[in-house]
Amino acid sequence: MKFEIIVNNIFDDVNLDGTLSPTDNKSVLGIINDFENGEWRYEQFQKFVWDNITETALSHSERQALLSDGAGSILAESAKKLRLVESVDAIGRGSEIAEIVLYGIMKDHYSALPIVPKIFYKQNTGDEAKGSDSVHIVIESEDTFSLWFGESKFYNSIENARLDTIVASVKDSISLEKIKKENSIITNLSDINDFEEISDDLRTKIKASLSQTESVDKIKPILNIPILLLYECEHTKSSTDLSDEYKQTVIDYHKDRATQYFKKQINKCTDVHLYEKINFHIILFPVAEKEKIVNKFIQIAKAYRD
């Protein structure tokens, strides 16, 4: 991955509140971008977004069909799938950036397969694709897999007042109805048949495990919820280099945010059946200025569309 990982721990190693339980099903990943010539590297961040947009904006068959046409054609088709929110005050502005970044992190850090390209299906099937912001499968061994339903947010701040909304969204994603819905999408759409990395035997096992006739209780031990919080950070905005002081400040903040987030999640979600069996991964990624990133993303998307 192009970015530096500064926190990669099970939650127990960074938890600042010893009263929380359960904690052994949680982990924390902290990621930072670099600086160049005294400025946060906006261009490198945008490149990561556009390098990974095809994973979520195009189906597997579309990606394969466009390979011979070159990168320009692939990016142009990807840009057409975006539902660009241009109004500065609109809710959800920049949300697709967070989705794309999560897909890139899932691929680069967790070696996950983008089994349901969510932006593609939101554009083409409407309500059918509502739910988690990302759906991936990780092949754990020749005959085992794990299931990943991701949540992603792009906020101006992740102070405590913001965390309640994120917790509510995560709780909704692990409800019986939503898990069954995502399982149905995976098994009914064709993409799962297109990945050469999945053997025929494992593909059959995945479809059987996610069948609507199977109890969701059996899925929860292999269910992972990565929660990407892409957020504007005042310390990142005011910094000019990747100093040890900068890194430590961000690390300390990530420990605090992870503790506060999981405290709220535990309080809200412990009534979810087998909550302690589901694995949660909070991913924290500070940026210098959200509006600058979103404006540039929209500008590039329009250029590719034209």
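As the structure is a computational prediction, the values presented were derived from the model and not from experiment.
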Any side-chain donor near an acceptor of the partner, Asn295 and Gln299, under 3.5 Å: no
Modelled atom types, side-chain donor and acceptor of Asn52 and Lys107, under 3.5 Å: yes
Just by modelled atom types, is the [Y] backbone N or O under 3.5 Å from a matching donor or acceptor in the [X] side chain?
X: Ser169; Y: Thr165; result: no
X: Lys205; Y: Asp143; result: yes
X: Ser132; Y: Ser134; result: no
X: Asn9; Y: Phe11; result: no
X: Asn15; Y: Asp13; result: no
X: Arg41; Y: Asp34; result: no

Testing the basics here: between [X] and [Y], what is the closest heavy-atom pair and its distance to 0.1 Å?
X: Pro286; Y: Val250; answer: CG-CG1, 4.1 Å
X: Ser78; Y: Thr54; answer: OG-CG2, 3.3 Å
X: His281; Y: Ser27; answer: ND1-OG, 2.8 Å

Any salt bridge between [X] and [Y], counting N to O under 4.0 Å?
X: Lys237; Y: Glu234; result: yes
X: Glu151; Y: Lys178; result: no
X: Asp271; Y: Lys171; result: yes
X: Lys2; Y: Asp51; result: yes
X: Glu4; Y: Lys247; result: yes

Lys292/Glu39 under salt bridge (charged side-chain N to carboxylate O under 4.0 Å, His left out): CA gap, chis, key distance, verdict: CA-CA 13 Å; Lys292 185 173 180 177; Glu39 186 177 26; 3.1 Å; yes
Below 4.5 Å, heavy atoms only, C-beta onward: do [X] and [Y] meet side chain to side chain?
X: Gln260; Y: Leu163; value: yes
X: Glu99; Y: Ile53; value: no
X: Val28; Y: Leu284; value: yes
X: Leu147; Y: Ile219; value: yes
X: Val101; Y: Leu228; value: yes
X: Ile166; Y: Tyr155; value: yes
X: Glu55; Y: Ile100; value: no
X: Ile282; Y: Lys26; value: no

Parallel, tilted or perpendicular, as decided by the 30° and 60° cut-offs, for the rings of Phe285 and Phe45: perpendicular
Geometric class of the Trp50/Tyr304 ring pair [parallel <30°, tilted 30-60°, perpendicular >60°]: tilted
Linked, directly or transitively: [X] and [Y] (ILVMFWY side chains, under 4.5 Å):
X: Ile251; Y: Ile5; value: yes
X: Ile283; Y: Tyr261; value: yes
X: Tyr103; Y: Phe195; value: no
X: Leu16; Y: Val167; value: no
X: Val170; Y: Trp148; value: yes

Chi angles and distances behind the side-chain contact (heavy atoms from CB on, under 4.5 Å) call for His109, Leu29: CA-CA 10 Å; His109 183 72; Leu29 182 68; 3.7 Å; yes
side-chain contact (heavy atoms from CB on, under 4.5 Å) evaluation trace for Leu202 with Ile206: CA-CA 6 Å; Leu202 183 57; Ile206 291 170; 4.0 Å; yes
Is the ring centre of [X] less than 6.0 Å from the ring centre of [Y]?
X: Phe280; Y: Phe262; result: no
X: His235; Y: Tyr246; result: yes
X: His136; Y: Phe149; result: no
X: Tyr231; Y: Phe154; result: no

From CA spacing to verdict: side-chain hydrogen bond (donor to acceptor under 3.5 Å, both in side chains), Ser239, Thr236: CA-CA 5 Å; Ser239 296; Thr236 299; over 6 Å; no
Step-by-step side-chain hydrogen bond (donor to acceptor under 3.5 Å, both in side chains) determination, Asp17 to Thr19: CA-CA 6 Å; Asp17 185 344; Thr19 68; 2.6 Å; yes
Worked check of side-chain contact (heavy atoms from CB on, under 4.5 Å) between Lys47 and Glu43: CA-CA 6 Å; Lys47 190 173 188 306; Glu43 186 175 338; 5.6 Å; no
Worked verdict on Glu232 versus Ile293 for side-chain contact (heavy atoms from CB on, under 4.5 Å): CA-CA 10 Å; Glu232 185 171 291; Ile293 290 169; over 6 Å; no
Inter-residue atom distance Thr56.OG1 - Glu96.CD, 0.5 Å rounding: 8.0 Å
Pairwise distance NZ(Lys290) to OG(Ser157) - rounded to 0.5 angstrom: 11.0 Å
Single hit among Lys268, Gln265, Lys220 for side chain to side chain donor-acceptor pair (under 3.5 Å) with Tyr275: Gln265
Qualifying residue, where the test is side-chain contact (heavy atoms from CB on, under 4.5 Å) with Leu210 and the options are Val216, Thr187, Ile185, Ile192: Thr187
Is [X] atom [atom1] crowded by more than 12 heavy atoms from other residues, nucleotides or ligands, each under 6.0 Å away?
X: Lys180; atom1: NZ; answer: yes
X: Glu142; atom1: CD; answer: no
X: Lys263; atom1: NZ; answer: no
X: Glu177; atom1: CD; answer: no

Criterion side-chain hydrogen bond (donor to acceptor under 3.5 Å, both in side chains) on Asn33 and Gln44, from CA distance to verdict: CA-CA 8 Å; Asn33 191 12; Gln44 176 167 273; 2.7 Å; yes
From CA spacing to verdict: side-chain hydrogen bond (donor to acceptor under 3.5 Å, both in side chains), Ser146, Glu140: CA-CA 7 Å; Ser146 56; Glu140 304 290 350; 2.5 Å; yes
